[in-house]
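From a predicted model like this one, the values you see are computed outputs, not experimental measurements.
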Amino acid sequence: MKKIDNKHKKGYTLTELVVALGVFTIFLVFASYILVYSLRSNSIIFEQLTTQSESRRTMKEVTDKIRIAEESSLGSFAIEMADDYELIIYANIDEDVYRERVRFWLDNTTLKEGIIEPTGNPLEYLPENESVVELSHNVVNYEQGEPLFLYYDGSYTGTE
């Protein structure tokens, strides 16, 4: 009878198999952590970019309307009120014969725009006719105590 020689057998011992599985498990846990962290970071970055894009679009829209401000259809000044978190102007935004009363204000973390068309004879701006649109969300100026609108006089040099 022939004797089997165990020295030249090919295969893995139980110890080698446990060590290999342990190393593979550590690698798998590390790779899973990297994947989850990357997905969270991607989500945060995408949300920040979306918010920045919305803010830029909104500020361009607000700035464009402020630049065409003129006296109201009743003859009053172009700016009715200018506060840290609210601005009321008159502008012809729909290019008809009358100037609309345009109000921008911060409601908690939402920047809103209200537009009132003048009506009646004599003309008047009725608050109940105001149509309100949400322009931007997640505005944190009020929470951080930073004014949304800043105003400068003719002596402003840009360094204050």
**Request:** Considering only Ile, Leu, Val, Met, Phe, Trp and Tyr, and joining two whenever side-chain heavy atoms are under 4.5 Å apart, list the other residues clustered with Leu126.
**Result:** none
**Message:** Do Trp105 and Ile115 land in one hydrophobic cluster if side-chain heavy atoms of ILVMFWY residues count as linked below 4.5 Å?
**Reply:** no
**Spatial distance of atom CZ (Phe104) from atom OG (Ser136) [nearest 0.5 Å]** = 12.5 Å
**Item:** Set of ring pair (Phe, Tyr, Trp, His ring centres under 6.0 Å) partners for Phe77, sequence neighbours left out
**Value:** none
**Prompt:** Is the number of heavy atoms from other residues, nucleotides or ligands under 6.0 Å of Glu128 CD greater than 12?
**Reply:** yes
**Item:** Least distance between heavy atoms, Ala69 atom then Ala91 atom
**Value:** CA-CB, 4.0 Å
**Item:** Beyond-backbone contact of Val139 with Thr110, side-chain heavy atoms, under 4.5 angstrom
**Value:** no
**Request:** Kindly indicate, with the supporting measurements, whether the criterion side chain to side chain contact (heavy atoms under 4.5 Å, CB included) is fulfilled by Phe46 and Ile44.
**Result:** CA-CA 5 Å; Phe46 180 75; Ile44 290 169; over 6 Å; no
**Message:** Set out, in order, the CA-CA distance, both residues' side-chain angles and the distance that settles side chain to side chain contact (heavy atoms under 4.5 Å, CB included) for Met81 and Asp83, then state yes or no.
**Reply:** CA-CA 6 Å; Met81 188 182 96; Asp83 194 8; 4.0 Å; yes
**Item:** With Glu117 via salt bridge (charged side-chain N to carboxylate O under 4.0 Å, His left out) - residues at least two apart
**Value:** none
**Request:** For Glu70, enumerate each residue passing the salt bridge (charged side-chain N to carboxylate O under 4.0 Å, His left out) test, keeping only those at least two apart in sequence or located in another chain.
**Result:** Arg99
**Message:** Please evaluate residues Tyr151 and Leu87 with respect to the criterion side chain to side chain contact (heavy atoms under 4.5 Å, CB included), reporting the C-alpha separation (whole Å), side-chain torsions for both, the decisive distance (0.1 Å), and the verdict.
**Reply:** CA-CA 11 Å; Tyr151 309 99; Leu87 175 66; 3.8 Å; yes
**Request:** Using salt bridge (charged side-chain N to carboxylate O under 4.0 Å, His left out) as the criterion, list what pairs up with Glu47, not counting sequence neighbours.
**Result:** none
**Backbone of Pro147 reached by a side-chain donor or acceptor of Asn141 within 3.5 Å** = yes
**Asked** Within the distance-only criterion (no hydrogens, no angle test), does the side chain of Thr58 pair as donor or acceptor with the backbone N or O of Leu135 below 3.5 angstrom?
**Response** yes
**Asked** Is it true that Val97 and Ile116 fall in one hydrophobic cluster, defined by side-chain heavy atoms closer than 4.5 Å?
**Response** yes
**Asked** Quick check: does any side chain N or O of Ser53 sit under 3.5 Å from a backbone N or O of Leu49, one acting as donor and the other as acceptor?
**Response** no
**Message:** Quick check for you: to the nearest 0.5 Å, what is the distance between Ser43 atom OG and Gln48 atom CD?
**Reply:** 10.0 Å
**Request:** Would you mind reporting whether Leu148 and Asp84 have side-chain heavy atoms less than 4.5 Å apart?
**Result:** no
**Asked** Just by distance, do the side chain of Tyr125 and the backbone of Leu74 share a donor-acceptor pair under 3.5 Å?
**Response** no
**Prompt:** Short question: side chain of Ser32, backbone of Leu28 - any donor-acceptor pair under 3.5 Å?
**Reply:** yes
**Prompt:** Does a side-chain heavy-atom distance below 4.5 Å link Asp94 with Asn92?
**Reply:** yes
**Prompt:** Under 3.5 Å, side chain of Glu86 to main-chain N/O of Leu106, donor-acceptor pair present?
**Reply:** no
**Request:** Working to the nearest 0.5 Å, report the span between CZ of Arg40 and CD1 of Ile45.
**Result:** 14.0 Å
**Basic-acidic side-chain contact under 4.0 Å: Glu113, Arg103** = no
**Message:** A side-chain contact here means heavy atoms from C-beta on lying under 4.5 Å apart; do Glu16 and Thr13 qualify?
**Reply:** yes
**Request:** Could you check Ile88 against Ile79 for side chain to side chain contact (heavy atoms under 4.5 Å, CB included), going step by step and ending with a plain yes or no?
**Result:** CA-CA 6 Å; Ile88 302 173; Ile79 300 174; over 6 Å; no
**Complete:** Here the gap from Glu124 atom CD to Ser72 atom OG, rounded to the nearest 0.5 Å, amounts to 12.5 Å
**Request:** Using side chain to side chain donor-acceptor pair (under 3.5 Å) as the criterion, list what pairs up with Asp107, not counting sequence neighbours.
**Result:** Lys112
**Request:** Measure up the Phe24 and Phe27 rings against each other and bin them: parallel (under 30°), tilted (30 to 60°), perpendicular (over 60°).
**Result:** tilted
**Prompt:** Counting heavy atoms not belonging to Tyr98, are there more than 12 under 6.0 Å from its OH?
**Reply:** no
**Tyr90-Glu100 side chain donor-acceptor pair, cut-off 3.5 Å** = no
